[in-house]
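Worksheet: the structure to be examined is printed underneath.
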Amino acid sequence: WLTGRFDDMGYPRPEFDADQGAKAVKEAGGFIEMHHGSHEEKVVLINLVENKTLEPNEDDQRFIVDGWAAGKFDLDVPNFLVAAAATVEMLGGPKKAKIIVA
């Protein structure tokens, strides 16, 4: 959002900064992951299992999207998932996704 690359996709820019976003995630029980190295994700994992977050693995990078968490922030889940996929695509990431339901 900071670069305006989502403007033409119809996604409004967040009305909070990175620090406010991080605080909201932590207050909801989440944690902030710091990325190390370059983006070399091989797959997008869309996690729909409520209250479950997959652990990052630096040796086997995956772009992890906790789709279930969108509801905790009153986000439109389908739009949230499309925005996540668009982000990965803009980063030149994988074109393959796995949906986790159990």
Side-chain angles (χ1 to χ4, degrees):
W1 280 280
L2 293 176
T3 63
R5 292 178 74 184
F6 288 101
D7 290 350
D8 62 345
M9 295 175 62
Y11 299 111
R13 291 183 186 210
E15 296 180 10
F16 54 84
D17 63 24
D19 291 333
Q20 291 168 320
K23 182 180 176 189
V25 168
K26 290 175 184 174
E27 287 175 355
F31 65 93
I32 305 301
E33 173 195 351
M34 297 304 293
H35 180 77
H36 300 281
S38 61
H39 283 281
E40 297 179 9
E41 290 87 348
K42 298 172 186 75
V43 65
V44 177
L45 298 180
I46 299 171
N47 177 24
L48 300 177
V49 180
E50 191 167 347
N51 297 320
K52 177 179 180 174
T53 297
L54 302 170
E55 291 291 328
N57 181 345
E58 286 184 45
D59 298 322
D60 184 23
Q61 289 187 20
R62 309 158 299 171
F63 191 92
I64 301 169
V65 180
D66 285 332
W68 61 267
K72 286 190 173 234
F73 296 101
D74 290 327
L75 299 175
D76 180 301
V77 175
N79 282 340
F80 173 75
L81 295 176
V82 169
T87 301
V88 172
E89 207 167 288
M90 284 187 225
L91 290 171
K95 305 290 190 267
K96 180 170 58 170
K98 294 181 181 179
I99 299 174
I100 300 167
V101 296

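Computed from a predicted model, the values in this text were never measured in an experiment.
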Practice task
Could you tell me the separation between the CG atom of Leu45 and the NZ atom of Lys96, rounded to the nearest 0.5 Å?
Solution key: 10.0 Å

Practice task
Using side-chain contact (heavy atoms from CB on, under 4.5 Å) as the criterion, list what pairs up with Asp17, not counting sequence neighbours.
Solution key: Asp19, Gln20

Practice task
Can you run down the salt bridge (charged side-chain N to carboxylate O under 4.0 Å, His left out) pairs that involve residues 61-72, sequence neighbours left out, and say none if there aren't any?
Solution key: none

Exercise for the section: Identify, with sequence neighbours excluded, every residue that meets salt bridge (charged side-chain N to carboxylate O under 4.0 Å, His left out) alongside Glu27. Expected result: Lys23

Practice task
For Asn47 and Ile64, indicate whether the former's side chain and the latter's backbone hold a donor-acceptor pair under 3.5 Å.
Solution key: no

Practice task
Not counting sequence neighbours, which residues clear side-chain contact (heavy atoms from CB on, under 4.5 Å) with Lys26? List them please.
Solution key: Ile32

Problem - Least distance between heavy atoms, Thr53 atom then Trp68 atom - result: OG1-CZ2, 3.7 Å

Practice task
Sort out for me which residue in Leu75, Asn79, Leu81 forms a side-chain contact (heavy atoms from CB on, under 4.5 Å) with Val77.
Solution key: Leu81

Problem - Contacts of Ile99 that satisfy side-chain contact (heavy atoms from CB on, under 4.5 Å) - sequence neighbours left out - result: Ile46, Leu48, Val101

